[in-house]
Amino acid sequence: MITIMDEEILQLLRENPSAFFSGEQIAKQLKVTRTSIWKRVRHLRAAGYEIEASTRSGYRLIRSPDRLSSSEVKPLLGTHRLGRKIHYFQTIDSTNSKAYELALGGAEEGELVIAESQEKGRGRLGRHWFSPPFLNLYLSVILRPKIPPQGASLITLMAAVATADAVQKFTGLVPLIKWPNDILLRGRKVAGLLNEIHSEVDRIHFVILGMGVNLNVDGKMFPKDVRRVATSLKKETGQRISRKAFLLVLLQELERWYAVFLKEGSSPVLKAWRDRAQIKGRPVKVHSFGETWIGIAVDLDSDGALILETAWGKKRVVAGDIEYKNKMSNVKPQSPNGKNTISNS
Ligand code: BT5
């Protein structure tokens, strides 16, 4: 574990990367003994930091590992709103659960929870998110937009657009968004979003934007059921991805799109989402609250619901999963086996 004292030592070493910092100076600044500095330096080396030590001159930071701790990320951040405070964990049950707890306790807009791995990474509807250590990105962002709860799905769409833009800026590859919030490369999921809100009837208290992006995980590592549907940036580009560098781009894109959403409202977000999703006119099978609908995707409604043309007329689907079908003739029309969750538009 990287302690606060470790962070402070690193901060001092980073201030003047080309020069040595004597053990005595560091000890004086942090008001501890030289022996405890030496112990922490040994610990930092074991954690992957390359620190040169000279008996005469002191310590010099040569190279940092690809870690996403506050001291690694914050000095590089180009954002204003996002990341002013970073809660970092080597491992955690779920960054979303932690962010929710922090937000209930008064954490401010823009605070981030970042973990190197998740023991109970969560997908939507109680599903699991595969979260192996030190390979990918597991991030939750606390937002406090002054909007009614009905606007929450627009925040999800906004985050999907920002993630897709970040992937494209970083790799040059062009991702597609699959309704509601999967980011796909060559038809496989490279990122997923889990957004949770806490609200009263007419206003949101906070939104937790949960983002999982597969960066360096190898295809073979995915559990069998996930392997068929998932990919990573490394797999798609053939190159190892700097998680820190990707995180910086992702936060910049998210901050940019959030500002657009707050200033200009939903239309630029919906337009960008439609461009990225290319769903109009595609035959789809939709699973929503235990019901299955088959039809042609007509559009995205202004609140983010999917509008479907079915044999029973137009349907609005507010939540669920879709499968793309190549041709309508490949799918048998199926009548829904319930009501309420899908309403006539
Ligand atoms: C999602 O759910 O796609 C939302 C995933 C959100 C994960 C982030 S990580 C940080 C934050 N903290 C959390 O606890 N969660 C968020 P859904 O659409 O329900 O997709 C889940 C399905 O995707 C699973 O049932 C698997 O089939 C598949 N899957 C699981 N792990 C995956 C992975 N690493 N990459 C691609 N697909 C995966």
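Below, each value reflects all heavy atoms present in this structure, side chains not excepted, and no hydrogens, waters or symmetry copies. Since the model is a prediction, treat every value here as computed from it, not as a measurement.
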Can you give the donor-acceptor pairs under 3.5 Å from side chains of residues 146-163 to other protein atoms, not counting sequence neighbours?
residue, atom, partner, partner atom, Å
Ser153, OG, Asp303, O, 3.0
Thr156, OG1, Asn195, ND2, 2.9
Thr163, OG1, Ala159, O, 2.7

Would the distance check show the side chain of Asp66 and the main-chain N or O of Lys244 forming a donor-acceptor pair, the cut-off being under 3.5 Å?
yes

Would you compute the distance between atom CG of Leu248 and atom CZ of Arg243 and round it to the nearest 0.5 angstrom?
12.0 Å

Check for a donor-acceptor pair, side chain of Glu255 on one end and backbone N or O of Leu82 on the other, with a separation under 3.5 Å.
yes

Within the 4.5 Å heavy-atom criterion, are Lys98 and Phe89 side-chain neighbours or not?
yes

I need the minimum non-hydrogen distance between Asp275 and Gln278, along with the two atoms involved.
O-CG, 3.4 Å

Donor on one side chain, acceptor on other, Glu72 and Tyr49, under 3.5 Å:
yes

Verdict with supporting geometry, Asp321 and Arg127, salt bridge (charged side-chain N to carboxylate O under 4.0 Å, His left out):
CA-CA 12 Å; Asp321 292 296; Arg127 288 185 290 229; 3.0 Å; yes

Apply side chain to side chain donor-acceptor pair (under 3.5 Å) to Thr91 and list each qualifying residue two or more places apart in sequence or on a separate chain.
Ser117, Glu119

Hits for side chain to side chain donor-acceptor pair (under 3.5 Å) against Arg81, two or more places apart or cross-chain, chain-then-number order -> Glu109

Are Leu173 and Leu250 in one and the same hydrophobic cluster, where Ile, Leu, Val, Met, Phe, Trp and Tyr link if side-chain heavy atoms are under 4.5 Å apart?
yes

Decide whether a cation-pi geometry holds between Arg144 and Phe206; the criteria are a distance under 6.0 Å from NZ or CZ to the six-membered ring centre and an angle within 45° of the ring axis.
no

Let me know which of Asn96, Asn181, Ile208 forms a side-chain contact (heavy atoms from CB on, under 4.5 Å) with Leu194.
Asn96

Kindly write out the residues that satisfy side chain to side chain donor-acceptor pair (under 3.5 Å) with Gln168, not counting sequence neighbours, or none if the list is empty.
Arg276

Would you mind checking if Arg40 and Asp6 are paired as a salt bridge, meaning a charged N to carboxylate O distance below 4.0 Å?
yes

Test ring-ring contact (aromatic ring centres under 6.0 Å, His included) applied to Tyr88 - qualifying residues, sequence neighbours left out:
none

Main chain of Val217, side chain of Ser232: is a donor-acceptor contact present, judged purely on distance under 3.5 Å?
yes

Do any N or O atoms from the side chain of Lys189 and from the backbone of Ile183 form a donor-acceptor pair under 3.5 angstrom?
no

Among residues two or more places apart or on two chains, list those pairs meeting salt bridge (Lys or Arg N to Asp or Glu O under 4.0 Å) that have a residue in residues 17-35.
none

Quick one: sort the Trp38 and Tyr59 rings into parallel, tilted or perpendicular, breaks at 30° and 60°.
parallel

Please walk me through it: do Leu193 and Leu209 pass side chain to side chain contact (heavy atoms under 4.5 Å, CB included)?
CA-CA 7 Å; Leu193 307 176; Leu209 268 185; 6.0 Å; no

State whether a side-chain donor-acceptor pair under 3.5 Å links Glu200 with His205.
yes

Closest non-hydrogen atom pair between Trp293 and Thr310, with its separation:
CE3-CG2, 3.9 Å

Would you call Asp165 and Lys169 a salt bridge, using N to O less than 4.0 angstrom?
no

Does the side chain to side chain contact (heavy atoms under 4.5 Å, CB included) test come out yes or no for Leu300 and Lys280, once each step is laid out?
CA-CA 8 Å; Leu300 192 70; Lys280 231 174 173 167; over 6 Å; no

Looking at OG of Ser140 and CG of Leu112, how far apart are the two atoms once the value is rounded to the nearest 0.5 Å?
9.0 Å

Sequence-distant partners of Glu50, salt bridge (Lys or Arg N to Asp or Glu O under 4.0 Å), two or more places apart:
Arg63

Run the numbers on Trp129 and Arg122 for side chain to side chain contact (heavy atoms under 4.5 Å, CB included), then give the verdict.
CA-CA 5 Å; Trp129 186 256; Arg122 294 192 282 121; 5.9 Å; no

Qualifying residues under ring-ring contact (aromatic ring centres under 6.0 Å, His included), relative to His128, sequence neighbours excluded:
none

Within the 3.5 Å criterion, strictly below it, is a donor on Asp93 or Gln118 matched to an acceptor on the partner's side chain?
no

Are any side-chain N or O atoms of Ser94 and backbone N or O atoms of Ser97, one a donor and one an acceptor, separated by less than 3.5 Å?
yes

Under a 3.5 Å distance rule, please check whether Tyr138 uses its side chain to pair with a backbone N or O of Ile92 as donor and acceptor.
no

Heavy-atom closest pair, residues Ser64 and Arg14
OG-NH2, 4.1 Å

Grab the two heavy atoms, one from Pro175 and one from Ala164, that are nearest each other, plus how far apart they are.
CG-O, 3.4 Å

Between NZ on residue Lys285 and OG1 on residue Thr292, distance to nearest 0.5 Å
6.5 Å

What pairs meet the side-chain hydrogen bond (donor to acceptor under 3.5 Å, both in side chains) rule with one or both residues in residues 206-221, with sequence neighbours excluded?
Asp218-Lys234

d(Tyr258 OH, Leu143 CG) to nearest 0.5 Å is 4.5 Å

Taking all atoms of both residues into account, what is the closest heavy-atom pair of Ser54 and Phe20, and its distance?
CB-CE2, 4.1 Å

For the CD1 atom of Ile322 and the CD1 atom of Ile279, what is their distance to the nearest 0.5 Å?
3.5 Å

Output for pair (His87 NE2, Glu101 CD), nearest 0.5 Å, gives 10.5 Å

With a sphere of 6.0 Å drawn around CD of Gln11, does it hold more than 12 non-hydrogen atoms of other residues, nucleotides or ligands?
no

Cationic N near anionic O, under 4.0 Å, Glu108 to Lys85
no

Residues forming a side-chain contact (heavy atoms from CB on, under 4.5 Å) with Arg186, sequence neighbours excluded:
Glu236

Any donor-acceptor N/O pair, Arg256 side chain to Leu251 backbone, under 3.5 Å:
no

Could you work out, with ring-ring contact (aromatic ring centres under 6.0 Å, His included) as the rule, every residue matching Phe246, not counting sequence neighbours?
Phe170

Minimum heavy-atom separation for Leu215 to Leu137, with atom names?
CD1-CB, 4.2 Å

Looking at residues at least two apart in the chain, or sitting in another chain, which of them share a ring-ring contact (aromatic ring centres under 6.0 Å, His included) with Phe130?
Phe222

Check against side chain to side chain contact (heavy atoms under 4.5 Å, CB included), Leu12 and Leu30:
CA-CA 10 Å; Leu12 289 176; Leu30 303 189; 4.2 Å; yes

Can you tell me which residue among Lys314, Arg274, Arg282 is in a salt bridge (Lys or Arg N to Asp or Glu O under 4.0 Å) with Asp299?
Arg274

Ser36 (side chain) donor-acceptor with Val32 (main chain) under 3.5 angstrom:
no

